[in-house]
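Here the structure is laid out as structure tokens; the discussion comes afterwards.
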2 protein chains.
Amino acid sequence: MPTTPRSRSAPSGRVTAAMVAERAGTSIATVSLVVNGKDRGRVSTPIADRVRDAVEQLGYVVDHAASSLARGSGDLVVLIAPDLSNPFFAEVIRGVRDTVGDRFQLVLSVTERGEQPVDADVRRFERLRPAGILVDAPAESASMSASVPVVLLDAPGGPGAVNYDLTAGVQALVAHLRAAGHRRVAYLDGTSRATTFAVRRSLFEQACTTADITVSPVQAQADLTIDAAAGAVAPVVDAWLADGVTAVVAAADTLAYGVLRVAAERGIAVPASLAVAGFDDLPSSSVTAPSLTSVALPGAELGRAAALRLLATLDGVDAPDPALPTRLVPRASTGA
Amino acid sequence: MPTTPRSRSAPSGRVTAAMVAERAGTSIATVSLVVNGKDRGRVSTPIADRVRDAVEQLGYVVDHAASSLARGSGDLVVLIAPDLSNPFFAEVIRGVRDTVGDRFQLVLSVTERGEQPVDADVRRFERLRPAGILVDAPAESASMSASVPVVLLDAPGGPGAVNYDLTAGVQALVAHLRAAGHRRVAYLDGTSRATTFAVRRSLFEQACTTADITVSPVQAQADLTIDAAAGAVAPVVDAWLADGVTAVVAAADTLAYGVLRVAAERGIAVPASLAVAGFDDLPSSSVTAPSLTSVALPGAELGRAAALRLLATLDGVDAPDPALPTRLVPRASTGA
DNA sequence: CTGAAAGCGCTTACAG
DNA sequence: CTGAAAGCGCTTACAG
């Protein structure tokens, strides 16, 4: 810890506007204007050039803390997402980043494994005075309000949220299973408290009822990792088979991978003895053994839509708000 | 845009220390001390309690911008990582987050897909006055210096870096291939400019030379995604086979997945006609068709080691700096 | 066109 | 034990 007195501006390596101003022979006010591109018609060309030269030579960068303090808010956009072990979120992030672009700087925060973003997370990031906050798969959409604009992703029912329209995808999945002759299926749920999982389950159960397919009372759920899913499936897979289940639908592809792994270990033929399907359509779902049938949720699209909505809010204009379409990608794991 | 005059503190919903002080009947200096836990022996218990009550009632949170401006730096730790479509990074992040814990707030930044973190990324985040910056898989470790402590991850050769000892893993892989009778192999490289990829390749080639295995002159490389890998492999797979190649080693598991996919499409038996192996040992590598042999790089360990090193630097103590061990996980894709 | 000055919300010697 | 005040580095009316 340096003991340098604070009054002496010990050259901390940090270049300030004052240093730029001195070198350019102007005031820091002028430096601020030039650096922020607000010099048109306010600063003469020769002076502006001198400032730019000095900035270049000194490697000056506007201090974010000071700037956002003075301005009231900064150019940060915060995206709070659940644990990234689900590759789905990588896609969402990409969509957001490509959309907020250079205008804002995107920073991410991830929750503890298996946790959903909650109110307190939003609160913690308000401190940073971001331009806006995006929350992916929040636990409860109720009280996510803040002093900055907040957009919720994949938070069905919430206001100020962008969502998938899961109906089409789920119905296609159930129709697909029905056509393959399945009449009794199991559902492997996530332990996640994200509302989207409740929606997936209930839409699935509804569709099954309509299609005259029975959902097995033998329940299982797990964290969204392959290991956790395999651990949850191992104890119940025999009960499923004994119950006459011929297909299992998992709330996420990573969960479905766990089913595939247990089936492989037990020598249960997929799809002959047990069909398997998931949600997300992860990139790796095309190379599993067998390749996995999945309801495709385009993550990058979700990220893009959320970012557009935030930008629209910041600009004070109305945002289009279409629910994003989902579709079934049938593969070998259901005999496609 | 609100036109509120700045002088009137329009109740922006933001609670300030002044508001807390007024409610508690003290000064903002006292509020600051209490809120930062520096009140022991400096503030009387009844006053401290009144402050805490007021904080509670008002929901006061210290403003990050103002705090880090006044203090010189804040409690943020920034982790800059390449595009997250490689699930490997999720592990690294988890290791970092679990280690920096509650003392610091972790924020992430990801580069454009296929890009590596560069100097300019570090520069951009210095603005935030973080306590430290972690850079995963940087392009060049040379000039990554900043006004805050920087720790490089997976940046072989750099000073202030934490790394894997790839030797053991690579040698085990090559010995494994040799034992299975392979004498001519191909290497599928990543287009990534991260130095770790150069190291992987050169260690592999060295080990092959020693083991009297020939590396095919038929070259291929791709972005670290399954699609990109499949696209790069498709045009060369016949040439590999024609060249007498019996095994292909990919610089990352995601690349190896691309090989598996092309092999499946072409009806090339794995491992009978072509053995496949990768680096990373991703969770999904246990469920691919066939399951993938891989050099395991424990991502969470890397993140943990880097975070410990940063904490040590901040505390001014020496950091232990063991290279992290790697090992081979043999699976069906090489006939294990 | 230009700069002095107030203010953003904190933290921290310093003086009581 | 407590508070007034300076200072962190900017931005932005405002007065020249």
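First the proteins, then the strands, lettered A, B, ... as listed; each starts at 1.
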Would you say [N] has OP1 or OP2 under 4.0 Å from some side-chain N or O of [X]?
X	N	answer
B/S27	D/dT2	no
A/S67	D/dC10	no
A/S32	D/dC10	no
A/R42	C/dC1	no
A/S44	C/dT2	yes
B/K38	C/dT11	no

Less than 4.0 Å between a side-chain N and a carboxylate O, is that true for [Y] and [X]?
X	Y	answer
B/D39	B/R42	no
A/D318	A/R309	no
B/R103	B/D315	yes

Rounded to the nearest angstrom, tell me the gap between atom [atom1] in [X] and atom [atom2] in [N].
X	N	atom1	atom2	result
A/L33	C/dG3	CG	P	11 Å
B/H64	D/dC10	NE2	C1'	16 Å
A/I28	D/dC8	CD1	C1'	12 Å
B/R50	D/dG3	CZ	P	9 Å
A/R71	D/dT11	CZ	C1'	7 Å
A/L58	D/dG9	CG	C1'	15 Å
B/D39	D/dT2	CG	P	10 Å
A/R129	D/dC8	CZ	C1'	14 Å

Residue pair A/Q116 / A/S192, side-chain donor-acceptor N/O under 3.5 Å: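 Short answer, yes.
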Please tell me which of A/T26 and B/V62 maps to the more 5' nucleotide of DNA chain C, matching each residue to the nucleotide holding its nearest heavy atom.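 Final value for this comparison: A/T26.
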Which residue lies toward the 5' end of DNA chain D, B/T30 or B/A66, if each is placed at its nearest nucleotide?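 Closest to the 5' end, via its nearest nucleotide, is B/T30.
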NA contact type, B/G41, heavy-atom cut-off 4.0 Å: base, sugar-phosphate, or nothing?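 Result for B/G41 = sugar-phosphate.
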Please report the shortest heavy-atom distance between A/H64 and B/L128, naming the atom on each side.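 Minimum heavy-atom contact is ND1-CD2, 3.1 Å.
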Which of the following nucleotides, C/dG3, C/dT12, C/dT2, is nearest to the side chain of A/A29?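 Looking only at side-chain atoms, A/A29 lies closest to C/dG3.
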From C-beta outward on B/L69, which listed nucleotide comes closest to its side chain: C/dT12, D/dC8, D/dC10?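 Per side-chain heavy atoms of B/L69, the pick is D/dC8.
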For C/dC1, the Watson-Crick or wobble counterpart (both distances under 3.5 Å):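 Pairing partner, where one exists within any strand: D/dG16.
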